[in-house]
Structure formats: structure tokens, C-alpha cells
Amino acid sequence: MTLTTIKVSPEVRDLLKEQATAEHRTLGEHLRYLASLADKQKRFERLRAEIDATPADDLASYRQETTWWESAQDA
């Protein structure tokens with residue numbers, strides 16, 4: 001395991017410790033959780049950009065197929 005020092009202000013350090021304690025995590029676990037959230041946000045933004053770049057005809061087709069599958073599952 002490699003240890004790394006990250007310099008933050010005492011206010012940020014205390015806030016991170018408070019958040020970690022409230023979530024019953026160690027500070028390291030909380031920092032990993034925050035990094036994971038940042039990765040998820042980046043992936044979501046890329047997905048949103050890909051959806052926005054999808055042609056309208058394709059989106060309509062996908063919506064029709066989704067509706068068909070949902071109605072088939074309810075039957």
C-alpha cells in the first residue's frame with residue numbers, strides 16, 4: 001500500500017472527517033467514495049453527450065422498442 005499526503009486546509013480536513021464520521025467510514029474510505037462519485041459523474045456526462053448526439057429517428061426507434069419490451073413484461 002502506498003501512502004500519499006494531500007494538503008488541504010484545516011477547514012476542508014475537518015469537513016471531510018465530519019462527512020466520513022456521519023457515513024460511518026474511515027477518512028480513506030470516504031475519499032475513495034468521493035473519487036468514485038467523480039468518476040460516475042464523468043461517465044454520466046459522456047453518456048449524456050452521446051445521447052444528445054444520437055439522431056432523433058434512432059431515439060424514437062429506441063423508445064418504441066422500450067415501450068414494447070415494457071408492455072411485454074407486464075403481460
Might you point out which heavy atoms bring Leu59 and Ile51 nearest each other, and give the distance in Å? CD1-O, 4.2 Å

State whether the side chain of Thr21 and the backbone N or O of Lys17 hold a donor-acceptor pair below 3.5 Å, judged by distance alone. yes

May I ask you to test the Arg32-Ser36 pair for a side-chain heavy-atom distance under 4.5 Å? no

Side chains of Asp39 and Leu37: closer than 4.5 Å at any heavy-atom pair? no

Ignoring hydrogens and angles, tell me if any N or O in the side chain of Glu29 forms a donor-acceptor pair with the backbone of Thr26 under 3.5 Å. yes

Could you tell me whether the side chain of Ser61 and the main chain of Asp57 form a donor-acceptor pair under 3.5 Å? no

Hydrophobic cluster membership, Leu27 vs Val12, 4.5 Å side-chain cutoff: yes

Between Glu23 and Gln19, do the side chains contain an N or O donor and an N or O acceptor separated by less than 3.5 Å? no

List, by chain and number, the other hydrophobic cluster members for Trp68, where Ile, Leu, Val, Met, Phe, Trp and Tyr join if side-chain heavy atoms come within less than 4.5 Å, directly or indirectly. Trp69

Might you confirm whether atom CD of Glu45 has over 12 heavy atoms from other residues, nucleotides or ligands at distances under 6.0 Å? yes

Hydrophobic cluster membership, Ile6 vs Tyr33, 4.5 Å side-chain cutoff: yes

